[in-house]
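Taking it in order: structure first as structure tokens, then the write-up.
Naming convention: chains lettered A, B, ... in sequence-line order (proteins, then strands); numbering from 1 in each chain. Basis for what follows: all heavy atoms, side chains included, without hydrogens, waters or symmetry-related copies.
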Protein chains: 2
Amino acid sequence: MVTRVIIIEDDQTIREGFTYLVNLSDGLKMVNSYASYEEAEPYLVSDFPDVILLDIELPGINGLDAISRIKKKYPAAHIIILTVYENEQNIFKALSLGASGYLTKNTPSSKIIESITEVLQGGGPLSANVAKMVIQSFRKNSQSPLSKRETQILEGIAEGKSRTRIASELFIDKETVKTHIKNIYSKLDVNSKEEALRIARQDKLI
Amino acid sequence: MVTRVIIIEDDQTIREGFTYLVNLSDGLKMVNSYASYEEAEPYLVSDFPDVILLDIELPGINGLDAISRIKKKYPAAHIIILTVYENEQNIFKALSLGASGYLTKNTPSSKIIESITEVLQGGGPLSANVAKMVIQSFRKNSQSPLSKRETQILEGIAEGKSRTRIASELFIDKETVKTHIKNIYSKLDVNSKEEALRIARQDKLI
DNA sequence: GCACAAATCCCCCTAAGCGGGTGATTACTC
DNA sequence: GAGTAATCACCCGCTTAGGGGGATTTGTGC
């Protein structure tokens, strides 16, 4: 039996990337891909998908609304949310609307396939397990000693960006970035990028 | 049918890494692992391997000698060479002795599994195909405008090492490294690490 | 209102890394 | 003897990363 997957995602590169990945896996087949929910809706039934990869930030009908509509029109499909922003509200909403899981768009490829097969086997819609995992994975934001801005900057550092680059991407001055970094180092009691990243990863701050 | 794999490799980390990888794949099973050929020899027949992953730089009996012995004692096995140094002589010798393929130890994991299954299906010992691929992949060293030392240093840069680190690893002065880099840039007609790496990869110089 | 945290920015400094330039010596090959 | 490879020594400017010292604005809570 082949697991039929479709993707609804406006970014062509991400769409193609996921298609490539899914088709690489034995037992998984990307039967179709769409840039919007409107485009996908007429084919939902004929595509006969087991799993739908659904972008939350969609043009037109957004991902959250799309979940409700899919659940109504084609309740058999497991929905996995794709998102760039790890926004708690949206992900919890999505899960409560019937999504089975979520993936960040930069999730390592191995995890992506793993998640698809996991969703198929175990969890029905909004399994307690998934909800728990989500809470777990968001533990970081809750009890972190770092402020939002500081976390954001530390994530930039984790991606190997320079202070200058982080500054321009956040539309703030280099000096501000520097101050934040100094504060981060002070809070984590370290004095280098490497140590800060080590502690942050260990304590799941990022 | 399960493909039986064994590995002969003195580095424990690499051994465990490959074992993990191989066992992850459906249809592949790592039946045993050994730190030297001497250790492996008594079990060659009982292990009944389809594929042997063999380190070239082995303590005691080295990989090249091991190939001959394996071919004599247990000719059915396909031998895949593991090596850190992409040394033409050794790899050609290995292939002429009856190895079916080779892998660099930092080959991406997807390629490793791919190579094992490829070797099983297609090429007998020293297939013309493999030889051609090897020659292809070594095209770099032959018609490269860069000297050996320059290539070596460029590879260091490709691994993200600083000039100082490259210098200490090659037991030469930082200034020497700098001069080499300047010469590399001049030969490749570029003015930065990034450009140099781009050109070098494009022209398969590294 | 006052304290505090968060976020923004401004200086000072040192050290290291990178790139460009201009030399040099040794040694080996054609 | 010309050329190349490999080694090293200075000059310069620029960027990045830290450490240190300030400052302001905005909001939230007591």
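- Contact annotation for A/N191: backbone-only contact, meaning every heavy-atom pair under 4.0 Å involves sugar-phosphate atoms and none involves a base.
- Under the 4.0 Å criterion applied to side-chain N and carboxylate O atoms, B/E169 and B/R165 are assigned as salt-bridge partners.
- With sequence neighbours excluded, the residues that form a side-chain hydrogen bond (donor to acceptor under 3.5 Å, both in side chains) with B/R149 are B/Q152.
- Within the structure, a side-chain polar atom (N or O) of B/K187 is placed less than 4.0 Å from OP1 or OP2 of D/dA5.
- Checked against ring pair (Phe, Tyr, Trp, His ring centres under 6.0 Å), A/Y20 has no partners two or more places apart in sequence or in another chain.
- Residues passing the ring pair (Phe, Tyr, Trp, His ring centres under 6.0 Å) test with A/Y37: none are found, sequence neighbours excluded.
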**OP:** Would you sort out whether B/V177 and B/I172 count as a side-chain contact (heavy atoms from CB on, under 4.5 Å), showing the intermediate values?
**Re:** CA-CA 7 Å; B/V177 175; B/I172 56 177; 3.7 Å; yes
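- Of the residues in residues 163-182 of chain A, those placing a heavy atom less than 4.0 Å from an atom of DNA chain C are A/I172, A/D173, A/E175, A/T176, A/K178, A/T179, A/H180, in numerical order.
- Contacts of B/S147 classified as side-chain hydrogen bond (donor to acceptor under 3.5 Å, both in side chains), with partners at least two apart in sequence or in another chain: B/E150.
- Residues satisfying the side chain to side chain contact (heavy atoms under 4.5 Å, CB included) criterion with A/N191, sequence neighbours excluded, are A/E195.
- Within the structure, every pair that satisfies the side-chain hydrogen bond (donor to acceptor under 3.5 Å, both in side chains) test and touches residues 21-32 of chain B, not counting sequence neighbours, is listed here: B/N32-B/Y34, B/N32-B/D47.
- Partners of A/S168 according to the side chain to side chain contact (heavy atoms under 4.5 Å, CB included) rule, which considers only residues two or more places apart in sequence or in another chain, do not exist here.
- Rounded to a whole Å, the CD atom of A/E194 is 10 Å from the C1' atom of D/dA17.
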Distances for protein N/O vs nucleotides 26-29 of chain D N/O pairs under 3.5 angstrom?
none

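- Mapped onto DNA chain D by nearest heavy atom, A/K193 and B/K148 fall at different nucleotides, with B/K148 at the one closer to the 5' end.
- Taking the side-chain hydrogen bond (donor to acceptor under 3.5 Å, both in side chains) definition, one finds that A/E39 meets it with nothing, sequence neighbours left out.
- When DNA chain C is scanned in the 5' to 3' direction for atoms under 4.0 Å from non-hydrogen atoms of chain B, the outermost contacting nucleotides are C/dG17 to C/dT22.
- A/E175 is linked by a side-chain hydrogen bond (donor to acceptor under 3.5 Å, both in side chains) to nothing, counting only residues two or more places apart in sequence or in another chain.
- When the C1' atom of D/dG22 is taken as reference, atom CG of A/N183 falls 13 Å away, rounded to whole Å.
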